[in-house]
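Worksheet: one structure, shown below.
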Amino acid sequence: MAGNPTLASLKRLVDELTRPSNDVQGEENRQHAQTLATMTLSLLAATVVVAPIWIVTSPDFVTTPFISAGLLIALAFAYNRSRTRHYTQGAAVLVVTLFGIVLSSLLLAPGTVTERMLALPFLSLVATMAAYFLPSRVTIIVIGVNVGVILAFLWVPGALSPWSSQTWYSLSWSPRLAASAA
């Protein structure tokens with residue numbers, strides 16, 4: 001990388017965009033803030049590229065522009081907070097946003113219930129983010145809500161069988177994350 005000035009410039013830019021402000025005290029807090037800034041900036045950049053494609057290619061899915069706009073606003077807020085001493089607010093917004101994406105996929109996306117359920121494993125990402133950035137009690141609440149969403153599909157006809165591998169995969173991470181959060 002030392003020989004490539006373009007990569008060196010890109011690295012400096014990314015470092016500048018993700019470096020926490022001086023008001024973030026403590027090495028662990030600075031590391032969490034920078035990790036959150038990197039994640040939210042990456043998601044924000046991906047959303048700026050993917051959202052217009054999604055809107056154009058899904059004209060029948062009328063909520064697409066609203067979901068995209070809400071997602072951009074939420075990610076911009078999370079990024080804005082991620083570099084400050086209030087980075088946990090940004091983390092909370094990111095966790096709620098990711099949960100909202102999964103929930104909107106489950107409830108609003110076109111296709112059968114079984115097809116929409118492919119979003120369920122992403123609840124583990126929501127819980128992992130909560131465990132990394134948020135206090136234990138919040139993480140346990142997030143895990144409880146996620147498990148409730150998964151279990152709700154057991155009563156949707158034709159959706160989830162209590163014996164399916166997807167059910168058990170989706171539920172398997174919950175006790176491990178709850179134990180690590182406690």
- Minimum heavy-atom distance between T35 and Y132, given as atom pair plus value: OG1-OH, 3.9 Å
- Query: Out of curiosity, does M39 fall in the hydrophobic cluster containing V49 (side-chain heavy atoms, cut-off under 4.5 Å, transitive links)?
  - Reply: no
- Message: With rounding to the nearest 0.5 angstrom, report the CD1 to CE distance, I150 to M117.
- Response: 10.0 Å
- Message: Would you say M129 ends up clustered with L134 if hydrophobic residues are merged whenever their side chains have heavy atoms under 4.5 Å apart, either directly or through other cluster members?
- Response: yes
- Item | S104 side chain vs I101 backbone, donor-acceptor pair below 3.5 Å | yes
- Message: With a 4.5 Å cut-off on side-chain heavy atoms, are L10 and T6 touching?
- Response: no
- CG of L72 to CZ of F77: how many Å apart, nearest 0.5 Å? 15.5 Å
- Message: I'd like to know if L106 and L125 are part of one continuous hydrophobic network [Ile/Leu/Val/Met/Phe/Trp/Tyr, side-chain heavy atoms within less than 4.5 Å].
- Response: yes
- Message: I want to check something: taking the side chain as every heavy atom from C-beta on, are F122 and L98 in contact at a cut-off of under 4.5 Å?
- Response: no
- On a heavy-atom basis, the closest approach of A74 and V93 is O-CG1, 3.5 Å
- Taking T63 for its side chain and F66 for its backbone only, find out whether a donor-acceptor pair lies under 3.5 Å. no
- Return the minimal non-hydrogen interatomic distance between L118 and P121, and the atom names on each side. O-CD, 3.3 Å
- Message: Quick check: do F133 and L36 have side-chain heavy atoms less than 4.5 Å from each other?
- Response: yes
- Message: Counting C-beta onward and ignoring hydrogens, is there a side-chain heavy-atom pair between L123 and L120 closer than 4.5 Å?
- Response: yes
- Query: What are the two closest heavy atoms between I143 and A127, and how far apart are they?
  - Reply: CG1-CB, 4.0 Å
- Backbone N/O of V24 and side chain of R30: donor-acceptor pair under 3.5 Å: yes
- Note on the structure: In this structure, OG1 of T64 is separated from CG of L108 (nearest 0.5 Å) by 9.5 Å
- Would you check if W54 and S68 make a side-chain contact, meaning some heavy-atom pair closer than 4.5 Å? yes
- Do the non-hydrogen side-chain atoms of V142 and F99 ever get within less than 4.5 Å of each other? no
- Query: Can you find a pair of side-chain heavy atoms, one from V102 and one from N146, that are under 4.5 Å apart?
  - Reply: no
- If you measure from CG on L71 to CG on L44, what distance do you get to the nearest 0.5 Å? 8.5 Å
- Query: For residues 15-26, which residue pairs qualify under side chain to side chain donor-acceptor pair (under 3.5 Å), counting only residues two or more places apart or in two chains?
  - Reply: K11-D15, E16-R19, T18-Q34, S21-D23
- Inter-residue atom distance I67.CD1 - T47.OG1, 0.5 Å rounding: 12.5 Å
- Using the rule that two of Ile, Leu, Val, Met, Phe, Trp, Tyr join whenever any of their side-chain heavy atoms come within less than 4.5 Å, decide whether V50 and L43 are in one cluster. no
- Audit row: L41, L75, side chain to side chain contact (heavy atoms under 4.5 Å, CB included) steps and yes/no: CA-CA 8 Å; L41 185 61; L75 290 172; over 6 Å; no
